[in-house]
Amino acid sequence: MNPPECQPDLQARIDQLRVLLEDIQQNHHPAAFANSLGTEDMVLTDLIAHHFPGISMFTLDTGRLPEETYDLMQRIRQRYGLTIQVYFPESAAVERYVAQHGPNAFYESVELRKSCCYIRKVEPLKRALQGKKAWITGLRREQALTRDSLELSSFDEVHGLQKFNPLCDWTTQEVWQYLKQQDVPYNALHDKFYPSIGCAPCSRAVTPGEDIRSGRWWWESAEAKECGLHVKNTQALH
């Protein structure tokens, strides 16, 4: 059965997105989609899986993800017939951190939390992006104060490649409209008021009216709520 047609405004968004993804596939090879398995990432998963086989896909398994996230990985495999390449943290680094600070030391300070994020996310990302000319993310400006100046495309000096945020100006409503109309699988925690999902100890449900990212690292100030994957020393393309 064919999926239902999208509303005209959303279809225009999708058409623009497909043009961009085709350009990335053709002119920035090899390109990789860093799939965090959030709602916006599932929009990109659906489009890339169906139309852009030249764009590879990977995710970061920190070792502390919720069970619902692993369930979603399996559903992606069953739905699209593809396996997302998974990168894990270096076990020796995790062992040193836990031995020195304890398994949940990230609650104690921003420094210890960011150290944990570096080991479990930032360092694996560096390995995942080696040899790539471009990487694609599901970041959106609406997600957080730290992302309000997000660009569609910029040169990432840290990794030495072009970085694309194809959904940077999409709204939450548009993301959900796509998922529902195209019957795209998503993390079951979203139905339990988890708008943003990372590691299980660092994610919680939010109440109506709270910021989208308020359930991530909720014990920290909003200005500190990034894990280090997306630094701002990039050169934007206008």
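No experiment lies behind these values; they were computed from the predicted model shown.
Residue pairs that meet the ring pair (Phe, Tyr, Trp, His ring centres under 6.0 Å) test with at least one member in residues 36-56, sequence neighbours left out, are His50-Tyr80. Residue pairs meeting the ring pair (Phe, Tyr, Trp, His ring centres under 6.0 Å) criterion with at least one partner in residues 15-35, sequence neighbours excluded, are His28-Phe164.
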Exercise. Met42 and Ile76: side-chain contact (heavy atoms from CB on, under 4.5 Å), yes or no, with the steps?
Worked result: CA-CA 9 Å; Met42 291 310 302; Ile76 291 171; 3.8 Å; yes
For this session: List the steps and the verdict of side-chain contact (heavy atoms from CB on, under 4.5 Å) for Arg79 and Thr45.
Result: CA-CA 11 Å; Arg79 169 71 176 270; Thr45 298; over 6 Å; no
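Listed by chain and residue number, Tyr97 satisfy the ring-ring contact (aromatic ring centres under 6.0 Å, His included) test with His101 (two or more places apart in sequence, or in another chain). Every residue two or more places apart in sequence or in another chain that forms a side chain to side chain donor-acceptor pair (under 3.5 Å) with Arg77 is listed here: Thr83. Qualifying side chain to side chain donor-acceptor pair (under 3.5 Å) partners for Thr69, counting only residues two or more places apart in sequence or in other chains: Asn187. Not a single side chain to side chain donor-acceptor pair (under 3.5 Å) links Ser91 to another residue, sequence neighbours left out.
A salt bridge links Glu90 with Arg127: the distance from a Lys NZ or Arg NE/NH1/NH2 to an Asp or Glu carboxylate oxygen falls below 4.0 Å. A salt bridge is defined here as a Lys NZ or Arg NE, NH1 or NH2 lying under 4.0 Å from an Asp or Glu carboxylate O, and Glu174 with Arg140 fails to meet this definition.
Defined by atom type and a distance below 3.5 Å, a donor-acceptor pair is missing between the side-chain atoms of Gln177 and Gln173. Using modelled atom types and a 3.5 Å distance limit, the side chains of Lys180 and Tyr186 yield a donor-acceptor pair.
With Val43 as the fixed residue, the side-chain contact (heavy atoms from CB on, under 4.5 Å) test singles out one of Ile14, Ile48, Leu179: Leu179. In summary, of the residues considered (Thr59, Asp41, Thr137), a side-chain hydrogen bond (donor to acceptor under 3.5 Å, both in side chains) with Ser36 occurs for Asp41 alone.
Using cut-offs of 30° and 60° on the angle between ring planes, the pair Tyr87 and Phe58 is perpendicular.
Within 6.0 Å of OH in Tyr107 there are more than 12 heavy atoms belonging to other residues, nucleotides or ligands. Within a 6.0 Å radius of CD in Gln100, other residues, nucleotides and ligands contribute more than 12 heavy atoms.
With values rounded to the nearest 0.5 angstrom, Leu21 atom CG is found 5.0 Å from Ile55 atom CD1. The distance from atom CD1 of Ile197 to atom SG of Cys202, rounded to the nearest 0.5 Å, is 13.5 Å.
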